[in-house]
Amino acid sequence: MTSSVRVRYAPSPTGYPHVGNIRTALFNWLFARHAGGSFVVRIEDTDVTRKVKGALEAILDGLKWLGLDWDEGPEAGGKYGPYFQSQRLDIYHEAAERLVSQGDAYHCYCSPERLAEMRAEQVRRKQPPGYDRHCRDLSLKERAAKEAEGITPVVRFKAPLEGQTGFDDLIRGGVVFENATIDDFILLKSDGYPTYHLANVVDDHLMEISHVLRAEEWLSSTPRHLLLYRALGFEPPRFAHLPMILGSDRSKLSKRHGAVSITDYREQGYLPEAMLNFLALLGWSLDDKTEILSPEELIASFSLERISKTAAIFNAEKLGWMNGVYIRRLGLSDFTRRSLPFLDRDLPPGVERPLPAGYVERVMPLVQERARTLLEVPELAQFFFVDELTYEPALLIARKMDRDSAAAALETSLERLLELPVFDEESLEAVLRPLAEELGLKAGQLFGTLRVAVTGRTAAPPLFQTMAVLGKEQCLKRIKAARDRLRRL
RNA sequence: GCCCCCAUCGUCUAGUGGCCCAGGACACCGGCCUUUCAAGCCGGCAACAGCGAUUCGAAUUCGCUUGGGGGCGCCA
């Protein structure tokens, strides 16, 4: 299927892939896939000083992990390349020079120090900070003098002093700005790299981007971009400004709100399909009830009209719930396969590796329903693997019992279990349930005591299933140890 | 300070003039199930920011106020 829709995700490798950025990528991807268009990834690496090592890889990994495949960009190539802005400097220079020769831009020789002072003064006088156009109308002579001083100029856009610039945002409707509030922003930095504004406009045009879906923080720079498109003689794309994702305190999501990088979520045991589903519902919804949607369903039903205008707070609690839903939906072998890396990494070092595959397969059904994240799996399953249990012996004494009755219960259980020819769930229940009555105990009392003896905890998977998986030998050993602990109490 | 955007339960949201004394989900609180935990099921709590205007009728339209967010870099 061909379509005129071409969208892009244009991350800057200056940090790790923030969930807000990834949500933007997701919406672009959904929009492209829904329309049968192209999804382009372009790397905006024009800030040499802020470049972070490994960030590019992390961004690409994050996209791949979520299944957001791109048609053009790094690793994929494409006929509009290169897709790294650092490899397109000539193109930006040419555009900047053209604007200068047309009279739409000019060279500025102001030092960073002068600019800082100017700004401080403006703030002090409660004026809107912005370039004072000091170099806008330099004479040829003045320019020559500056050049003679050896100052490398920047190129600034000559913003119109009056009039308005407006556009029709696909999500917000008509938006209008006074040109007088737009200052002469920089197009080309003195290091020869373009600023975002220039590079973004030039590339979106050259790459034939039809729709720009980006976060709302870009809304106020859109008139600058529009002005640039006009000066360059380019047809602007359609714009859609997506609602922001905020932290729990309603401020822009940042490190202090906890995990913000998509890679953090992977490490914390979130499933990519759950993450995708959750992120899609942050600022978009299908109807008044659907919560769980597969990627295919998301693609089929995605539309700009259903994107909300309101900023959304990232609700980690709900993500946890949704991840649990996805974990429970997994087939056993799938769940096991995905849990293995976590088990391998987080089970105590004393546990022998590699983990016995058959045994792991029997343990997993017992933890699947209880895990909200894969990270919790080793913790939930730990007692199945360790040799020695550590717990507070007093826990062995169930309510309305004392040390001796608990020890006696364990002792009798031991005798009965020893005789058991088949150690499966049914046989265990057949022996232990009547035993409780025989001992004059409530089922809950006996089972509680045994649960602690066998698992070391008061909350665990169902007792008989747990014991069956642990096996007769291990169970008897643990019950004996428990009995001895009680006697020493 | 200036400019722009936004405004429904604590949170994510449904709602585009009457179907809404506002629906769903997370969280929370009860109950059921039950050997604990989890899951599941049933029930409950909880919102149209305020004020004016338009209209027979407004969460839905308009205006003002208030509140929140974003932007104002040789960052993106």
Side-chain angles (χ1 to χ4, degrees), chain A residues 10-12 14-15 21 44-47 49-50 108 110-112 115-116 119 122-131 152-156 169 171-172 175-178 180-183 185-191 193 195-197 199-200 215-223 241 243-244 246 248 250-252 278 281-292 306 308-322 324-325 328 366-372 380 398 429 432-433 436 442-452 455 457-464:
Chain A
S12 185
T14 52
N21 293 132
E44 310 221 320
D45 52 350
T46 54
D47 187 341
T49 59
R50 290 204 313 154
C108 168
C110 294
S111 67
L115 295 175
R119 215 166 286 126
Q122 286 164 335
V123 170
R124 201 183 59 74
R125 293 170 54 189
K126 305 207 170 190
Q127 306 250 303
Y131 183 55
T152 312
V154 300
V155 174
R156 282 185 186 273
D169 190 276
I171 294 172
R172 279 150 224 283
V175 185
V176 181
F177 292 81
E178 291 294 329
T181 63
I182 300 168
D183 77 344
F185 55 96
I186 292 175
L187 261 19
L188 220 50
K189 302 182 255 185
S190 58
D191 66 358
Y193 278 74
T195 58
Y196 171 85
H197 305 299
N200 197 262
E216 196 198 325
E217 54 188 320
W218 295 107
L219 190 60
S220 46
S221 45
T222 306
H241 289 91
M244 305 273 301
L246 273 23
S248 46
R250 300 211 137 270
S251 69
K252 214 167 158 177
F278 179 73
L281 257 19
L282 234 40
W284 177 88
S285 63
L286 173 59
D287 54 31
D288 60 342
K289 49 181 78 72
T290 313
E291 302 280 344
I292 305 297
R306 298 203 60 83
S308 106
K309 294 179 172 68
T310 328
I313 291 174
F314 189 89
N315 185 187
E317 198 83 53
K318 186 157 184 175
L319 169 61
W321 162 76
M322 192 172 281
V325 170
R328 275 173 254 125
L366 266 27
V367 311
Q368 182 167 9
E369 189 170 87
R370 293 164 178 77
R372 268 167 99 85
L380 288 167
E429 180 155 15
L432 295 174
R433 208 172 275 281
K442 296 243 194 220
Q445 292 175 300
L446 204 223
F447 299 167
T449 296
L450 280 170
R451 178 174 300 108
V452 173
T455 69
R457 35 184 99 171
T458 52
L463 183 62
F464 310 131

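The figures that follow rest on heavy atoms only: side chains count, while hydrogens, waters and symmetry mates do not. A quick note: this is a predicted structure, and the numbers were derived from the prediction, not measured.
With rounding to whole Å, A/N315 atom CG is found 14 Å from B/C9 atom P. Rounded to a whole Å, the CG atom of A/L246 is 14 Å from the P atom of B/A7.
The listed nucleotides are B/G40, B/C72, B/G71; the one nearest the side chain of A/R328 is B/G40. Nearest to the side chain of A/K318, among B/G24, B/C74, B/G69, sits B/G24. If you check B/A14, B/G69, B/C75 against the side chain of A/D47, the one that comes closest is B/C75. If you check B/G24, B/A27, B/C74 against the side chain of A/K289, the one that comes closest is B/G24. Checked against B/G15, B/A76, B/G24, the side chain of A/E44 finds its nearest nucleotide in B/A76. Comparing B/G24, B/G70, B/C74 against the side chain of A/R119 picks out B/C74 as the nearest. Looking at the side chain of A/R156, the nearest of the listed nucleotides B/C37, B/A25, B/C74 is B/C74. Closest to the side chain of A/P129, out of B/G23, B/G70, B/C72, is B/C72.
Nearest heavy-atom pair, A/L281 versus A/S285, reported as atom, atom and distance to 0.1 Å: CD1-CA, 4.3 Å. The nearest pair of heavy atoms linking A/N200 to A/E44 is ND2-OE2, 3.3 Å. Contact record, A/W321 with A/I292: CH2-CD1, 4.4 Å, taken as the closest heavy-atom pair.
The phosphate of B/G10 has neither OP1 nor OP2 within less than 4.0 Å of any side-chain N or O from A/R250. Between B/G73 and A/R50, no contact under 4.0 Å exists linking OP1 or OP2 to a side-chain N or O. Between A/K189 and B/G73, a side-chain N or O to OP1/OP2 separation shorter than 4.0 Å is absent. Between A/T46 and B/A76, a side-chain N or O to OP1/OP2 separation shorter than 4.0 Å is present.
At a threshold of 4.0 angstrom between heavy atoms, the contacts of A/P223 with the nucleic acid are absent. Counting non-hydrogen atoms under 4.0 angstrom, A/L463 reaches a base of the nucleic acid. If you check every strand for non-hydrogen atoms under 4.0 Å, A/A460 touches a base. Residue contacts shown for A/T222 are absent, as no nucleic acid heavy atom lies under 4.0 Å away. Residue-level contact check: A/R372 touches the backbone only, with heavy atoms under 4.0 Å from sugar-phosphate atoms and none from bases. Using a 4.0 Å heavy-atom criterion, one finds that A/P461 contacts the bases of the nucleic acid, with or without backbone contacts as well.
Remark: B/C21 base-pairs with no nucleotide in the shown strands. Criterion, Watson-Crick or G-U wobble with two distances under 3.5 Å. B/A49 is paired with B/U65 under the criterion used here, namely a Watson-Crick or G-U wobble arrangement in which both key atom distances are under 3.5 Å. With a 3.5 Å ceiling on both atom-pair distances, B/U60 lacks any Watson-Crick or G-U wobble partner. B/C28 and B/G44 make up a base pair, with Watson-Crick or G-U wobble contacts both under 3.5 Å. With a cut-off of 3.5 Å on both pairing distances, the Watson-Crick or G-U wobble partner of B/C2 is B/G71.
Look at the P atom in both B/A49 and B/A58: the space between them is 15 Å, to the nearest Å. Rounded to whole Å, the P atom of B/G10 lies 23 Å from the corresponding atom of B/C6. Nucleotides B/A25 and B/C64 are separated by 39 Å at their P atoms, to the nearest Å. Between B/C45 and B/C62, the distance separating the two P atoms is 34 Å to the nearest Å.
Looking only at side-chain heavy atoms (C-beta outward), A/N21 and A/P11 stay at 4.5 Å or farther from each other. The shortest distance between side-chain heavy atoms of A/R370 and A/R328 does not fall below 4.5 Å. Contact annotation: the side chain of A/L432 approaches that of A/L450 to within less than 4.5 Å [non-hydrogen atoms, C-beta and beyond].
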Each nucleotide N or O in nucleotides 2-6 of chain B that has a protein N or O under 3.5 Å away: list the pair and distance.
unit_1	atom_1	unit_2	atom_2	d
B/C5	O2'	A/R172	NH1	2.7
B/C5	O2'	A/E216	OE2	3.4

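The salt bridge (Lys or Arg N to Asp or Glu O under 4.0 Å) test applied to A/K189 returns no partner, not counting sequence neighbours.
Cation-pi contact between A/R156 and A/Y131: present, with separation from the ring centre below 6.0 Å and deviation from the ring axis of at most 45°.
Between A/W218 and A/Y196, the ring planes are parallel. Angles under 30° get that label, and only those over 60° would be called perpendicular.
Aromatic ring centres of A/F278 and A/F314 lie closer together than 6.0 Å.
When each of A/R433 and A/P11 is assigned the nucleotide of RNA chain B with its nearest heavy atom, A/R433 is the one assigned upstream, toward the 5' end. Taking the nucleotide of RNA chain B with the nearest heavy atom to each of A/S251 and A/A10, the more 5' of the two is matched to A/S251.
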